[in-house]
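Throughout, a chain's letter reflects where its sequence line sits, starting with A, and its residues are numbered from 1.
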Protein chains: 2
Amino acid sequence: MKRAFHKTATPAERILAAADKLFYRQGIRAVGVDAVAAEAAVSKRTLYNYYPSKDDLIAAYLTARFRHLAPSDAPAREQILGNFDRLERMFADGSFRGCPYVNAVTELGDPKHAAAGIALQFKEQRRLWFRALLERLHARDPDALATQLQILVEGALASALVRGDPALARSARAAAEVLLDAAGVRRPARSVRQTRRAR
Amino acid sequence: MKRAFHKTATPAERILAAADKLFYRQGIRAVGVDAVAAEAAVSKRTLYNYYPSKDDLIAAYLTARFRHLAPSDAPAREQILGNFDRLERMFADGSFRGCPYVNAVTELGDPKHAAAGIALQFKEQRRLWFRALLERLHARDPDALATQLQILVEGALASALVRGDPALARSARAAAEVLLDAAGVRRPARSVRQTRRAR
DNA sequence: CTTCATGGAAACAGATCGGTGTAATTAATG
DNA sequence: CATTAATTACACCGATCTGTTTCCATGAAG
């Protein structure tokens, strides 16, 4: 069991990767610390050396999922709608199990748990990201529209969890387009044969 | 402890009521059968007499939450939008803990669990209810629009779970109105002073 | 009164959980 | 080599979980 390992990954990283895999796939409450330690090929003692409690590990798991939205130079409208395309890919690859933040809040229940705050942070970050793009697009009431886009994303996630259908992302995307149109965000200039971008 | 009880409620009903209260408030996995039995003022022996396993109790809890949408004679558009007003009331009363069906799917994880099927049934029922109303309104593509409204409802539920804000229901409602407008569902005739219906 | 079904109280079984204590082993560093 | 820190293996704790079992109280029907 001591095969010459990827020396690359430190124990803490392996533990976090194992927690991410198991917590997301099977649920936080369904996975014990022993299982995480085993998956990380690490003794339970070392796990508790890096993360003093399961709650700490949960918090680390959620914060590690924080992928900061990379600033892109793509057109703002495309960036917004591209979000839904990413959702569709997530739904389709079979391993989708819902939004990890919402799942954590649901599974843990306690609103005072650190996970609740982390989840709120993440959602708000994405909402503000939407809002910044909408402001750049001179949309009407960017704040309200950002909230609505966020609701669409959340709804697509939840719907795809109970239903399996990846097409739900396209439905949400279409709804987002209607909202953008209604907010005065004009479609990209498709006129001058620049339709070259194809798909 | 044998005070002259409401003879009205049969043991099975009391157990189900207790399960509903505890499962929804604290989560399915967080509540043991002992707690349900205690809340129902019933011995664990009787609980297992009526529901042979916790899974059976969970399934009964979810199916009991099936409130069949009562047919209403209110204008169809009002019926649809009224859904979001009900959401706002749910969010505001403090005891909101997310959609019980989504929660069950999340907590149990297993897609083969009976809860997954029940959740799917419920969501589809509401979607079809939307669709029927939209057909009556001669909306463009009622099926697709029904899915989008369903996504909005789901998104409002999930968002209100992590954020606490009841106003999210109003945001979702406003988005629904935009979608309805875009689908050619005209607003109710507010012209002829029939605005009497007030609020 | 006898019979039988229902249900209460409580102990129990077997498993799993989060978390700790400890002694032995390994790996890096001087 | 010697020292030290990290890590392992593994037993163990108390709590909790689902589910079962045993014994006893009740109460209605024959």
What string of B, S and - do you get for nucleotides 13-20 of chain C 5' to 3' if you count protein non-hydrogen atoms under 4.0 Å?
-> -----SBB
With side-chain contact (heavy atoms from CB on, under 4.5 Å) as the test, would you mind laying out the steps for Asp85(A) and Arg173(A) before giving the verdict?
-> CA-CA 8 Å; Asp85(A) 299 332; Arg173(A) 184 194 149 113; 2.9 Å; yes
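For the pair Arg14(B) and Tyr50(B), the cation-pi test (distance below 6.0 Å, angle within 45°) is failed. At least one test fails for Arg163(B) against the ring of Phe91(B): distance under 6.0 Å to the centre or angle within 45° of the axis.
No side-chain donor-acceptor contact under 3.5 Å links Asn103(B) and Thr106(B). Using a 3.5 Å distance cut-off with no hydrogens or angles, the side chains of Ser95(B) and Asp93(B) do pair a donor with an acceptor.
Going from atom OH of Tyr51(B) over to atom C1' of dT20(D) covers 20 Å, rounded to whole Å. Between the C1' atom of dA9(C) and the CG atom of Leu47(B) lies a distance of 15 Å, rounded to the nearest Å.
Here Phe130(A) pairs with nothing under the ring-ring contact (aromatic ring centres under 6.0 Å, His included) rule; sequence neighbours left out. Residues that satisfy the side chain to side chain donor-acceptor pair (under 3.5 Å) test with Ser72(B), not counting sequence neighbours, are absent from this structure. Judged as a side-chain contact (heavy atoms from CB on, under 4.5 Å), and not counting sequence neighbours, Asn49(B) has no contacts. Under the ring-ring contact (aromatic ring centres under 6.0 Å, His included) criterion, Phe122(A) pairs with Phe66(A), Tyr101(A), sequence neighbours left out. Here Asp34(A) pairs with Lys44(A) under the side-chain contact (heavy atoms from CB on, under 4.5 Å) rule; sequence neighbours left out. Looking at residues two or more places apart in sequence or on another chain, you find a side chain to side chain donor-acceptor pair (under 3.5 Å) between Arg170(A) and Glu88(A). In this structure, Asp110(A) has no side chain to side chain donor-acceptor pair (under 3.5 Å) partners at least two apart in sequence or on a different chain.
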Find every protein N or O atom lying less than 3.5 Å from an N or O atom of nucleotides 3-7 of chain D, and list the pairs.
residue: dT7(D); atom: OP1; partner: Tyr50(A); partner atom: OH; Å: 3.3
residue: dT7(D); atom: OP2; partner: Tyr50(A); partner atom: OH; Å: 3.0

For residues 150-161 of chain B, tabulate all N or O donor-acceptor pairs below 3.5 Å that involve a side-chain atom, not counting sequence neighbours.
residue: Gln150(B); atom: OE1; partner: Arg126(B); partner atom: NE; Å: 3.2
residue: Gln150(B); atom: NE2; partner: Glu154(B); partner atom: OE1; Å: 2.9
residue: Glu154(B); atom: OE2; partner: Lys123(B); partner atom: NZ; Å: 2.6
residue: Ser159(B); atom: OG; partner: Gly155(B); partner atom: O; Å: 2.9

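Contacts of residues 102-117 of chain B with DNA chain D (heavy atom under 4.0 Å): none.
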Give the dot-bracket string for DNA chain C, reading 5' to 3', where a pair is Watson-Crick or G-U wobble with both distances under 3.5 Å, ( ) marks pairs inside the strand, [ ] marks pairs crossing earlier ones, | marks a partner on another strand, and . marks unpaired.
-> ||||||||||||||||||||||||||||||
